[in-house]
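What follows is a set of notes on a single structure, which appears directly below.
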Amino acid sequence: MILPGFDRARVLFTGEFDAHRALTELRETLADGLPAWWEVLKSNDRGAVLAGEVLGNQRIVVKTMRLDRPKDVISRLFRTTRLERQRRGAHRVAQAGLVTAEPRLMFRGRNARGTVVETLVLDRLPGETLLHTIAGGRADHARVCALARDVGRLTRALDDAGLFNRDHKPSNLIVLPEPFDPALALIDTVGVHRRRPSDRLGRMLANLVIELIGTGLTPAPVILARVLRAARVPVRSTWRRVEALVRAHGDPTPSEDPLGHPDVHR
């Protein structure tokens with residue numbers, strides 16, 4: 001598992017956060033590996049997503065990624081690494097007045113093997129992903145209808161703000177516990193960018209459907225229609241557009257099972 005690199009660590013970004021204290025605490029906490037009270041939310045050969053607490057009882061998500069490929073040299077130079085893009089995407093979402101996991105600290109250092117590792121620390125939002133809520137059947141019909149409305153409104157709000165999210169899917173939406181309003185928050189904002197002429201709201205709606213189909217959770221037509229109405233788009237023409245995009249996508253099965261963990265702020 002790839003842990004943050006603390007040797008020659010350099011702070012790249014800090015929000016309203018005591019960067020020095022947080023970095024010191026993370027170094028002490030993770031010096032000998034992952035403590036039993038921390039969670040591994042995701043791990044592969046490129047990085048890891050961890051969850052724990054810092055600065056007393058502040059719940060955080062720690063995302064690490066090693067930067068040892070030739071192309072990483074360019075992305076480091078131009079600040080276009082995946083975590084840097086996620087940080088900027090979160091800023092755009094927050095600027096639009098929408099809820100997201102707020103970045104708190106970003107730093108880069110070397111691990112014990114001398115590998116450059118970049119780390120992003122974010123708030124950990126309460127709740128679970130929309131995908132898990134749907135898969136777990138934890139919402140009655142009225143709640144499902146309300147969530148469909150909120151999905152449509154969130155999608156419209158992104159478009160109205162001049163933003164496009166190429167990873168707009170249920171596993172990247174967190175259902176916040178009541179009485180939070182709005183009920184949905186956006187995570188994994190690496191795919192959020194300023195809308196280009198070729199970007200269409202229908203593409204974001206299609207991405208929502210593709211992941212649901214790929215995980216065996218195809219939405220009922222009445223629920224999809226409710227999403228479209230809440231997004232304030234022409235239902236019939238947008239429905240046909242979404243159908244065409246889904247067909248053109250091909251096999252919707254995700255490369256990694258998004259239902260593998262109950263709460264992955266990826």
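Numbers here are sequence positions counted from 1.
- Linking ILVMFWY side-chain heavy atoms closer than 4.5 Å, directly or via other members, places Phe164 and Val227 in a single hydrophobic cluster.
- Looking at heavy atoms from C-beta onward, Leu201 lies out of side-chain contact with Arg195 at the 4.5 angstrom threshold.
- In plain terms, the two heavy atoms of Ile2 and Asp45 that are nearest each other are CD1-O, 3.4 Å.
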Using side chain to side chain contact (heavy atoms under 4.5 Å, CB included), reason through Met106 and Val11 one step at a time and then give a plain yes or no. CA-CA 6 Å; Met106 186 171 179; Val11 173; over 6 Å; no

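- By the 4.5 Å heavy-atom criterion applied to side chains, Arg124 and Leu41 are counted as neighbours.
- Atom NE2 in His20 sits 12.0 Å away from atom CG in Leu105 (nearest 0.5 Å).
- Between Ile134 atom CD1 and Glu211 atom CD the span is 9.0 Å, to the nearest 0.5 Å.
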Criterion salt bridge (Lys or Arg N to Asp or Glu O under 4.0 Å) on Arg82 and Asp188, from CA distance to verdict: CA-CA 10 Å; Arg82 181 178 180 85; Asp188 197 6; 3.7 Å; yes

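- In the hydrophobic cluster analysis, where Ile, Leu, Val, Met, Phe, Trp and Tyr join through side-chain heavy atoms closer than 4.5 angstrom, Ile223 is grouped apart from Leu228.
- We find the CD-CH2 distance between Glu53 and Trp37 to be 11.0 Å, quoted to the nearest 0.5 Å.
- For Arg241, the salt bridge (Lys or Arg N to Asp or Glu O under 4.0 Å) test picks out no residue, with sequence neighbours left out.
- Contact record, Ala101 with Leu122: O-CD2, 3.6 Å, taken as the closest heavy-atom pair.
- Two residues are said to be in side-chain contact when any heavy atoms from C-beta on lie closer than 4.5 Å; Val99 and Leu176 meet this criterion.
- Note: Glu25 CD to Asp18 CG = 10.0 Å, rounded to the nearest 0.5 Å.
- Across every non-hydrogen atom of Asn207 and Asn165, the tightest pair is ND2-O, 4.3 Å.
- With 3.5 Å as the limit, one finds a donor-acceptor pair spanning the side chains of Asp199 and His193.
- In terms of hydrophobic clustering, with Ile, Leu, Val, Met, Phe, Trp and Tyr side chains grouped at heavy-atom distances under 4.5 Å, Val222 and Val144 are assigned to a common cluster.
- No side-chain heavy atom of Leu186 sits under 4.5 Å from any side-chain heavy atom of Leu98.
- No more than 12 heavy atoms of other residues, nucleotides or ligands shown are found within 6.0 angstrom of CG on Asp32.
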Residues Thr189, Gln86; criterion side-chain hydrogen bond (donor to acceptor under 3.5 Å, both in side chains); working and verdict: CA-CA 5 Å; Thr189 51; Gln86 177 169 352; 4.6 Å; no

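- A salt bridge links Glu84 to Arg87: one of the charged nitrogens lies within less than 4.0 Å of a carboxylate oxygen.
- A salt bridge is defined here as a Lys NZ or Arg NE, NH1 or NH2 lying under 4.0 Å from an Asp or Glu carboxylate O, and Asp68 with Arg46 meets this definition.
- In terms of the side chain to side chain donor-acceptor pair (under 3.5 Å) criterion, Thr218 has no residue partners (sequence neighbours excluded).
- Hydrophobic clustering places Leu208 together with Leu212 (ILVMFWY residues linked when any side-chain heavy atoms are closer than 4.5 Å, directly or through intermediates).
- The shortest heavy-atom contact between Leu120 and Pro103 is CD1-CB, 4.2 Å.
- Checked by atom type and distance alone, the side chain of Thr133 pairs as donor or acceptor with a backbone atom of Thr129 at under 3.5 Å.
- Listed by first then second residue, pairs satisfying ring-ring contact (aromatic ring centres under 6.0 Å, His included) with a partner in residues 80-125 read Phe6-Phe107, not counting sequence neighbours.
- In summary, Arg232 and Asp159 do not engage in a salt bridge, as defined by a charged side-chain N under 4.0 Å from a carboxylate O.
- Using a 4.5 Å cut-off on side-chain heavy atoms (C-beta onward), Leu184 and Ile174 make no contact.
- Heavy-atom minimum distance, Gly5 versus Thr119: N-OG1, 4.4 Å.
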What verdict does the side chain to side chain contact (heavy atoms under 4.5 Å, CB included) test give for Val116 and Arg66, after you've listed the backbone C-alpha separation in whole Å, the side-chain angles of each residue and the deciding distance to 0.1 Å? CA-CA 6 Å; Val116 176; Arg66 60 187 177 94; over 6 Å; no

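- Annotation: salt bridge (Lys or Arg N to Asp or Glu O under 4.0 Å) contacts of Arg69 (sequence neighbours excluded): Asp72.
- Counting heavy atoms from C-beta outward, Trp239 and Pro234 have side chains that stay 4.5 Å or more apart.
- Under the 4.5 Å side-chain heavy-atom criterion for ILVMFWY residues, no single connected hydrophobic cluster contains both Val117 and Leu34.
- Atom-to-atom distance recorded for Ile187:CD1 and Leu173:CG is 8.0 Å, nearest 0.5 angstrom.
- Residue Leu224 holds its CG atom at 8.0 Å from CG of Leu205, rounded to the nearest 0.5 Å.
- The shortest distance between side-chain heavy atoms of Val121 and Val61 does not fall below 4.5 Å.
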Given side chain to side chain contact (heavy atoms under 4.5 Å, CB included), test Ile60 with Gln58 step by step and report yes or no. CA-CA 6 Å; Ile60 58 169; Gln58 186 158 347; 4.3 Å; yes

Evaluate Asn172 against Leu130 for side chain to side chain contact (heavy atoms under 4.5 Å, CB included), listing each step before the verdict. CA-CA 8 Å; Asn172 284 341; Leu130 177 61; over 6 Å; no

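- The nearest pair of heavy atoms linking Met1 to Ser43 is CG-OG, 3.7 Å.
- Sorted by first then second residue, the salt bridge (charged side-chain N to carboxylate O under 4.0 Å, His left out) pairs that include residues 89-112, not counting sequence neighbours, are Glu102-Arg104, Arg104-Asp123, Arg108-Glu118.
- Val73 belongs to no hydrophobic cluster, as no Ile, Leu, Val, Met, Phe, Trp or Tyr side chain comes under 4.5 Å of its own.
- Annotation: side chain of Glu28 is in contact with side chain of Thr24 (closest heavy-atom distance under 4.5 Å).
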